[in-house]
Structure formats: C-alpha cells, structure tokens
Amino acid sequence: MGQYEEKLKLLEKYYTGIPTVYGFEMKENISAKKMENAIKKFAPGLDRDSVLGFYDTTVIGSGKNGYIFTDTMVYYLEILDTPRKLRYEDIEDVELIDMGKKDGDNKLRFRMRDGSEVIWTNCGLNKTPLYHFFKELLEYENTPSVETEKQVCQAAHGQLSYEESRKYEGAMAGGIAVAARGQVNKSYEEEKFHGRQGHGFAAERANTLYDRMTGHDAKIVGDDNIKNGADRIVDGVAIQSKYCRSGSACVNECFDKEGNFRYLVDGKPMQIEVPSDKYDAAVKAMEEKIREGKMPGITDPEEAKNIIRKGHFTYEQAKNIAKAGTVESLTYDAVNGAVIATSAFGVTAVITLAVNLWNGEDFNTSIKAATYSGLKVGGTAFVTTIIASQLSKAGLNSALVGSSEAIVAFMGPKASAVLINAFRSGSKIYGAAAMKSAAKLLRGNVITAGVTVVVLSSFDIANIFRGRISGKQLFKNLANTASTVAGGTGGWLGGAAIGSAIFPGVGTIVGGLVGSIAAGAAAGKATGAVLNNFIEDDADEMVRIIQTEFEKLAQDYLLSQREAEKIVEELSKKLDGKMLKDMFASSHRKKFAYNLLEPLIEKEIKKRKRIRAVSDKQMAKGLKEVLEEISDSMNRDSAGGSTVPV
C-alpha cells in the first residue's frame, strides 16, 4: 500500500467525528464544482489527485471556505481570514488544549519545526479526532521510507509550471477601452482643428482644459451649433471665443452685417474671449463700439473690460496647438493624456483588485497586482493619447476619410445613428449627419487602437532586439495584444450602444465598460488558445529545460518527494517573466537552470537529519541479523518441500 492509500485509510478512520455542524466528504464524494470553487478561492496549485477529503465549512456548501486534506498538507480558509497551508512535514508535534467545554471549543496547537506555532480554534472542528489523526499521521511521516526516482520526477512535472499572467486581460481591456473612449472622443472633437478656423476650436478646448485643471467648472457647449450661442461656459458664465489676427478683428466678428451685436444671453452680452496678446487692442475696439452705441443697454466704455475676457493663450499658441509637433501641441496633448490615463488607471486597478480578492489572494498581493496593472494601462493611455493626437493632426485622420466613409455607407444611416448617439451628449442626430459623425468616430478608433497595440507591444519589440524573446513569441504577443484591444474596442462600442438604448448616460458608460471587459478578455483568450496549438511559448520552453535539469539534480541529491515539492514551491516563487526572458537570452540555458536550482536544493537538504557514522560493531550486528533471517527463510522453504540450490 502506497503513502496516499495509507493516509486515505487514516483519514477514513477519523473523518466522521471531525465536523460539528457541516459535512466532511471523502475524495470520491466531492463535487467537481465545489472543488473548483475551493481551488480558486484558497487552494491554487492544488493537485486534485492528492486530495483525501474536504471539510466544507460554508453554510450553502459552495466550497469557498473549509479544509482540504491532501497527502502532503491541509489547505484551509476560515471566514474573514486569508488562505493558509499546513504541511505535515513542517509539524514537529501536535497538542490538544482542553478548554473544559465542548470538543469544538477546544484548541489544537501545532508546534512547527521552525519554532513557530499554529493554533486551530474553529468551533466547527472537533479537536479530539483531529488530534488523534495528526498524531498517527506524524508517526507515519517519521517512519523511514525510500522515495523512488519516479515519484521525484512526478513531483517536479506535476508542480513546476509558469504562465505569463493573462488573468487580468478583462481588467486591462476595460481600462484600455475607457482610455480609448476618452481619446476617440478627443479625436472626434478635434477634427475641427484641421479646418481654416481650426485654431479657434483649439483655443476653445485649450482654454477649457486650463480652466478645469485650475479648479473651475468649465465645459464646451458650442458643439450644439446653436446660432449665436455660447462656445463654452465657465462657472455659469457664457463665453464666446474669438481668436483672430488682431484685437479689432476679434471684436468685429461679434457684429452682424447690420452692425448688431450677435451674442446675448437674456438681453445681456456674453463675455468675448480673445487671445491674451490681443486683449488690450480688443478692449479698445469694444470701447469704441460702446461709444458708437453699438452695444444695447451699455453706454459706459469702461464696461468693455467686463465684456472682453482675456484668454489663457496667445494667438500663435492657439495656432500651434492645432498643429503637429509643436511644443504647445505636445503640452496640450500631454495634459489631456494625463487626465485620460487617470481614468484608465482607476478602472484597471479596481477591477484587478476585485478579481484578485475574489480569487482568494491576500490584500497586499492584490493591491500590488492592481497597482502594476493600473500603471501599465495608465501609462499606455498617456503615451497613446499623445501619439494618436499628433498623428491625427499630422494628417492621418484625413487619410482615413475614404475608408471610414465606405464602412459607414455599408452600415447605413440607422446603424450609424445608433452608434454615434451612444457617444453624443445633447440632441440625437440621424441620417446624413449621423453617418458623417460615425465616420469620424471610426477614424478615431482606428488610430487609437493601432497606436495602443504598438505602445503595449513596445517592450516585446525591444526584447526581440535584445534577444530576450523569439520571433514566434513576438508574433504571439502581438496577435494577443491586437485581439484584446480590438475586442475591447468592439465590446465598448456594442455595449455602449445597448446601454444607451436602455438608460442613456449612465447606461452608456456601464454598457461600454462591461462590453469591453467581456469582449476584450474573450478575444485575448481565444487568440491565445488558437495560437498555442501552433506555437509554443518561450516560457514553456524554458520551464521544460528547468524541469529536465531538476530531474537530474533530484537523482544526484537523492531528493525525497517531500523535498522535491518544497524546492518546486520555492522555485515557482522565483519564476517570472523577467527571469525566463533572461534565461532565453542566455547562451547556456542549461547552466542557467542549474545555477537557479542548485542553491534551492542546497538550502533544502541542509534541513536533513544528520546520520551518525555506523561503527563496525553495529554493521556486524546488522549483517548477522540479515544473514540469520535469510537462513531461517531458506529452512522454512526446505521444510515446505521446495528445493534449495547448493
């Protein structure tokens, strides 16, 4: 009978007495769904073949809390606690602490070999049968045994694995989609920058951004195209932007052909925002208009200073913001990028944190993973916003007009209206206007998605030049990234359209976010699944080399199965993307693997009990006993009629 069978038999002896309320199930009775929940929640890496029994302590029997007994350890999670492991080989002794009450109220103290203590106090456990189980288990564990080479190799093969983390694809797809929405809307709004008066629209956006960043409530309202309406509103004040070559031209633009002032709110003039370097000239021009009686209800020329508003940027700065490659343009895009990146960071980090906690990870590990994912997506969003905006200003947007309009023509006016109205604020548009706007939206998505893929893949591209990944790995990574971004973008568009139809506004955001997470994760996983059938990951290849070297060293060091499992567990903590890429770049990968494994093995075998030298007298005594047993056996065989060769 093997070790597993012995321990299974031992647990069967006591398991019915262990639970106080809930049911304890032996391996053959545990449902697959319950075991799957337990592995996700508190037993990652569990080998199902090693399971002896499961004490599920959840009220509804979901398997998300409890104690899983295996042939080497107990995985357990108590309510409001973190997942833990209790390895049998680490236990020095076990003690039953009688509290003088019910057995469930007693305590079980484990004294560990490293000097620490573990105490089980869960009232759902009857401690006396557990105490006897562990006592007998420790006796069995301390019985000398010989582990076969096959068992050691199985330990290595069964536990040693590495997977470049893709479990956050959904969170990253959601964050990327949020960033893409901000960038696409920015690109959509800034398409006006390419026109003859593009610098005027650039001034509106730049001044509004400046006001927002300095704590004011500022928004663009001129996109509704209401005749003689305000371009923007700041802290409740309606503003008309006029960025012309001269101060007098800025003022003259405010009057119609009959000389009437055009921009009034409730009979009072709006503020007229002019370039900062044209302010003085514009004030003088407005004073002259007041003297001429051109301003209704205003006779004091001093009022010109209350009507003319000094913009935050000069005329030349506004022109440069609308161009590609200028300092002003890059600064403007960088500030916008920082705003968009903040949203992307927040969405990605929150989703990643939630996924980790739901999967049973502790808070500290989860917050680190969330921060890393948030920074990766937030940084990508920042860089993407700048590059995509600059490409659009440089003319790429215009180059995509033909193809985007062809796609929209195929979609038709109804589908175009559904798509564009999901992203618009204000009144809905239909027909030709909707198709034109949808084409702009598609152009922005194409540019943003393309730049996002390039930015996310930049490290992979750098790694191939440094020899840290292969060409086939670069292809897989690019395909996976592209599919995740495309899926997230498509999911956002579809989800936003559905959400907008159900609950305009909030529904648009929620629908887009849910759609991007689901579609982005699904697309990335599907691409990975397909490509895995044809191309092996560099990481898998490196792990295979490590496994081969581990098997050789396991034989050289005569490792027991328990020692092998401990070493593999420590090794798994070290294996990450950076280390495996360094190994791939190494010219001696087997030596790299040896240097990685050897210190871990040396550390583990130092824990072995020292064997004292055997004296000649002890050896002679042992030899005598063995020879006597052989002689007795041969005599018994002879008495039974068998022939003993001489």
Listed partners of Tyr279 passing ring pair (Phe, Tyr, Trp, His ring centres under 6.0 Å), at least two apart: none
From the list Arg84, Lys41, Lys64, side-chain contact (heavy atoms from CB on, under 4.5 Å) with Leu77 holds only for Lys41
Between Lys219 (side chain only) and Ile233 (backbone N and O only), is there a donor and an acceptor less than 3.5 Å apart? no
Write down the atom of Ala281, the atom of Gly247, and the distance for their closest heavy-atom approach. CB-CA, 3.9 Å
By side-chain contact (heavy atoms from CB on, under 4.5 Å), which residues pair with Tyr430, not counting sequence neighbours? Ala417, Asn421, Lys428
Validation row: Asp256, Asn228 side chains within 4.5 angstrom (heavy atoms): no
Lys319: what forms a side-chain contact (heavy atoms from CB on, under 4.5 Å) with it, not counting sequence neighbours? His199, Tyr315, Glu316
List in chain and number order the residues that pass side-chain contact (heavy atoms from CB on, under 4.5 Å) with Phe345, two or more places apart in sequence or in another chain; answer none if no residue qualifies. Ala349, Leu375
For the side chain of Asp211 and the backbone of His216, is there at least one donor-acceptor N/O pair under 3.5 Å apart? no
Nearest atoms (heavy-atom pairs only) where Tyr243 meets His312: OH-N, 4.1 Å
Please report the interatomic distance OG1(Thr331) to CD1(Ile386), rounded to the nearest 0.5 Å. 9.0 Å
Any donor-acceptor pair under 3.5 Å linking the side chain of Thr326 with the backbone of Asn320? yes
Closest heavy-atom contact between Ala202 and Ala318? CB-O, 3.7 Å
Would a distance-only check, ignoring hydrogens and angles, find a side-chain to backbone donor-acceptor pair under 3.5 Å from Gln390 to Gly325? yes
Does atom OH (Tyr210) have a neighbourhood of more than 12 heavy atoms from anything else shown, all under 6.0 Å? no
Would you please test Ser276 and Lys310 for side chain to side chain contact (heavy atoms under 4.5 Å, CB included) and show each step? CA-CA 5 Å; Ser276 58; Lys310 188 175 184 179; 3.9 Å; yes
Distance-minimising heavy-atom pair for Phe261 and Pro269: CE2-CB, 3.6 Å
Would you say Val251 and Ile272 make side-chain contact, with heavy atoms under 4.5 Å? no
Between atom CG of Asn336 and atom CE of Met213, what is the distance when rounded to the nearest 0.5 Å? 9.0 Å
Could you grab the distance from atom CG of Asn260 to atom CZ of Arg262, nearest 0.5 Å is fine? 11.0 Å
What are the two closest non-hydrogen atoms of Val265 and Ala238, and how far apart are they? CG2-CB, 4.0 Å
When every non-hydrogen atom of Cys250 is compared with those of Lys242, the smallest separation belongs to SG-O, 3.2 Å
Mind checking side-chain contact (heavy atoms from CB on, under 4.5 Å) for Glu273 and listing every partner two or more places apart, or none if nothing turns up? Asn207, Arg232, Ile239, Ser241, Arg309
So how far is it from Ile307 CD1 to Met270 CE, rounded to the nearest 0.5 Å? 12.5 Å
Between the CZ atom in Phe313 and the CG atom in Asp277, the distance rounded to the nearest 0.5 Å is 12.5 Å
For residues 285-295, run the donor-acceptor check on the side chains, cut-off 3.5 Å, and write out each pair with its distance to 0.1 Å, sequence neighbours left out.
none

Roughly how far, to the nearest 0.5 Å, is the CZ atom of Phe201 from the CD1 atom of Ile220? 10.0 Å
